[in-house]
Amino acid sequence: SQQGEEDPQALSIQEGENATMNCSYKTSINNLQWYRQNSGRGLVHLILIRSNEREKHSGRLRVTLDTSKKSSSLLITASRAADTASYFCATALMSGGFKTIFGAGTRLFVKA
Amino acid sequence: ETGVTQSPTHLIKTRGQQVTLRCSSQSGHNTVSWYQQALGQGPQFIFQYYREEENGRGNFPPRFSGLQFPNYSSELNVNALELDDSALYLCASRRSGRTEAFFGQGTRLTVV
């Protein structure tokens, strides 16, 4: 099964509202990343948070990490129609070699 | 702007055939990973290459194989194609020691 699991699976909001997506993972991590994907195209790296960080900001993005609960959240503030995309969390593991594990993603739809 | 390019963009193959997908990494990146993404799912890690050697592999059978060349371009080969191999195949490159990966736009493989 996948290391990361996002919820909700899908989210529909109005432009200007905030969007919050959550990710849970199973094993210890060094860092956790969030990626964005538009319409089945390539993924774009958004932000990385290290295991010793609790919160990180980048523009309208805010990421939190709770290693005790093995969970992370991505908050997009003042959403725009252009934020419509799928968002994935990803963790890197060193177990029998290097592995990157993505969650199933949250599909965000921002209505103009 | 990502410098990772993949070819072809779309491909249709018949069950039982073999396919080779290609990826040109971003300049200066010596690590490349390949992913399979089924419709509506998150990317599944296939394997990673560093300096022409595989150093990580996901839960994929041996008929999924790869190569990385001295110029850091790479190939994904899939033998004995099955209908379930139909997916978007993504490659991602990064500098060793860095976590942020840059993705190509993917190859959409359809097996009929």
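First the proteins, then the strands, lettered A, B, ... as listed; each starts at 1.
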Should F102(B) and Y49(B) be counted in the same cluster of Ile, Leu, Val, Met, Phe, Trp and Tyr side chains packed under 4.5 Å apart?
no
In terms of hydrophobic clustering (I, L, V, M, F, W, Y; side-chain heavy atoms under 4.5 Å; direct or indirect links), are Y50(B) and L90(B) co-clustered?
no
Please flag which part of E100(B) lies under 4.5 Å from any non-hydrogen atom of chain A: side chain, backbone, both or neither.
both
Who in residues 30-38 of chain A is close to chain B, using a strict under-4.5 Å heavy-atom cut-off?
N31(A), Q33(A), Y35(A), Q37(A)
Among G40(B), S33(B), G106(B), residue most engaged with chain A (heavy-atom pairs, under 4.5 Å):
G40(B)
Could you give all pairs that pass the disulfide (SG to SG under 2.5 Å) test and reach residues 50-83 of chain A, with sequence neighbours left out?
none
If you check every heavy atom in residues 10-22 of chain B against those of chain A, which residues fall under 4.5 Å?
none
For the hydrophobic clusters of this structure (ILVMFWY residues joined by side-chain heavy atoms under 4.5 Å, transitively), does one cluster hold both V4(B) and Y72(B)?
no
Expected contact set for residues 44-81 of chain A against chain B at heavy-atom separation under 4.5 Å reads H45(A), L48(A)
Checking heavy atoms, do the side chain of Y35(B), its backbone, both or neither come under 4.5 Å from chain A?
side chain
CG/L83(B): more than 12 non-hydrogen atoms of other groups inside 6.0 Å
yes
If you group Ile, Leu, Val, Met, Phe, Trp and Tyr by side-chain heavy-atom gaps below 4.5 Å, do L109(B) and W34(B) land in one group?
yes
Interatomic spacing from CD1 in I46(B) to NZ in K99(A) - rounded to 0.5 Å:
14.0 Å
Value rounded to 0.5 Å, distance of CD in Q105(B) from CG in L43(A):
9.5 Å
Non-hydrogen atoms of F88(A) and G42(B) that approach each other most closely
CE2-CA, 3.4 Å
Tell me, out of R94(B), E54(B), R108(B), Q6(B), who's got the most heavy-atom pairs with chain A below 4.5 Å.
R94(B)
Would you find more than 12 non-hydrogen atoms of other residues, nucleotides or ligands less than 6.0 Å from Q9(A) atom CD?
no
